[in-house]
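Accompanying notes for the structure given below.
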Amino acid sequence: MADLHPAHDDQGSREAALDFEAMYQGHEISFGADDRQSDLIPWELNAPQPLIVELEAAGEITGPVLECGCGLGDNALFLAGRGYEVTAFDAAPSAIERSRAKAAAIDSPVTFTVADATELHGIGVAGGFRTVVDSAMLHCLDADQRRAYLAGLRRVCAPGARLHALCFRGELAARLKMPADMDERSLRDAFRNDWTIRRMEPRHYTTGLTRQAWQSLAPAVSGTSERDDTATVDQHGRVLLPFWQITAELT
Ligand SMILES: C[S@@+](CC[C@H](N)C(=O)[O-])C[C@H]1O[C@@H](n2cnc3c(N)ncnc32)[C@H](O)[C@@H]1O
């Protein structure tokens, strides 16, 4: 089981993981580099992530689909609504409880389950998953967990399966805790053994936060503002964060 509580890397400076379960239970946790507490859930949109909607519209999803670190379930519910067979998991039991309640309310057939991405216990489907969706989970893992996760997916995927991952770009380290390096080279290294990267592009992930909420949740650490690319908002005033969009094929 991945450590869901803060830890430090060998320089003693890097926070390894957030207490997501506490957050989904409504407690305050700290996301920012300056340790301030908040009970906001930055990725709560009550709608699917626009980049996932875009992938589906482009024909880049094939069932059966596995969503890893599904949070509050909106991507999985969206994909099931488009006709795909979907299994979705998260390590936080409260996230899965809330996702199941949403599924029950609309009679959605998504299988929501509690599991850890580094172990994938209890995850599987006949013939293997053909698409894996990871919307903002990969960057929650440290370097060893990331390797275990990317290697372990082979056990549950069909040959040639495709993985779509959306994850922090390194410049967000000026504001947010990051358990592992998110520069292009580190990420390519992490995928190398098991996956062939077909696309790696700088994109933006839509949060549920206003600019003011974002600023108070994770103010820029002083001296880093010239590298800060987080002032963009969409037409609804939601802050857009610099993310990688990665598509990879199981080698
Ligand atoms: C930033 S949230 C993104 C949630 C959702 N995918 C979205 O985009 O709205 C990351 C999610 O990954 C989950 N998570 C973190 N580490 C995990 C692990 N080792 N195994 C499974 N889920 C994990 C967290 O509980 C959290 O719900």
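The structure presented is a predicted model; accordingly, all values stated were derived computationally and were not measured. Atoms considered below: every heavy atom in the structure, side chains included; atoms not considered: hydrogens, waters and symmetry mates. Count residues from 1 along the sequence. When a ligand or atom number is given, it counts from 1 through the structure's own listing order.
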Are any of the N or O atoms of G69 closer than 3.5 Å to those of ligand 1? yes
Does at least one non-hydrogen atom of E67 fall below 4.0 angstrom from an atom of ligand 1? yes
I'd like to know if the side chain of W195 and the backbone of L150 have a donor-acceptor N/O pair within less than 3.5 Å. yes
Using a 3.5 Å distance criterion without hydrogens, assess whether the side chain of R100 forms a donor-acceptor pair with backbone atoms of T111. no
Should you measure from each heavy atom of F89, which atoms of ligand 1 turn up under 4.0 Å away? 21 (C)
Could you tell me whether ligand 1 has any atom less than 4.0 Å away from a heavy atom of Y149? no
Closer than 4.0 Å to some heavy atom of L141 - which atoms of ligand 1 meet that? 19 (N)
Please say whether H139 places an N or O atom under 3.5 Å from an N or O atom belonging to ligand 1. no
Is the closest heavy-atom distance from C70 to ligand 1 below 4.0 Å? yes
Quick one: does A115 get within less than 4.0 Å of ligand 1, heavy atoms only? yes
Is it the case that over 12 heavy atoms from other parts of the model lie below 6.0 angstrom from the CZ atom of R154? yes
Near Y205 (heavy-atom distance under 4.0 Å), the atoms of ligand 1 are 7 (C), 8 (O), 9 (O)
Which atoms of ligand 1 have any heavy atom of Y24 under 4.0 Å away? 25 (O), 26 (C), 27 (O)
Using 30° and 60° as the class limits, which term best fits the ring planes of F168 and H139: parallel, tilted or perpendicular? parallel
Please tell me if the side chains of L187 and W244 come closer than 4.5 Å, counting only heavy atoms from C-beta onward. yes
For V239, is there any backbone N or O sitting under 3.5 Å from a side-chain donor or acceptor partner on T207? yes
Quick one: does ligand 1 sit under 4.0 Å from the side chain of W43, the backbone, both or neither, non-hydrogen atoms only? both
Decide whether an N or O pair under 3.5 Å exists between D90 and ligand 1. yes
Between the side chains of E97 and K102, is the shortest nitrogen-to-carboxylate-oxygen separation below 4.0 Å, so that they form an ion pair? no
Could you tell me whether R130 and E85 make a salt bridge, using a distance below 4.0 angstrom between a side-chain N and a carboxylate O? no
Does ligand 1 have a heavy atom under 4.0 Å from the side chain of A95, from its backbone, from both, or from neither? neither
Would A117 count as a polar contact of ligand 1, with the cut-off being nitrogen or oxygen pairs under 3.5 Å? yes
Can a salt bridge be assigned to the pair R198 and E60 using a cut-off of 4.0 Å between side-chain N and carboxylate O? no
Looking only at N/O atoms, are A91 and ligand 1 under 3.5 Å apart anywhere? yes
Using ring centroids (six-membered ring only for Trp), state whether F112 and F89 fall under 6.0 Å. no
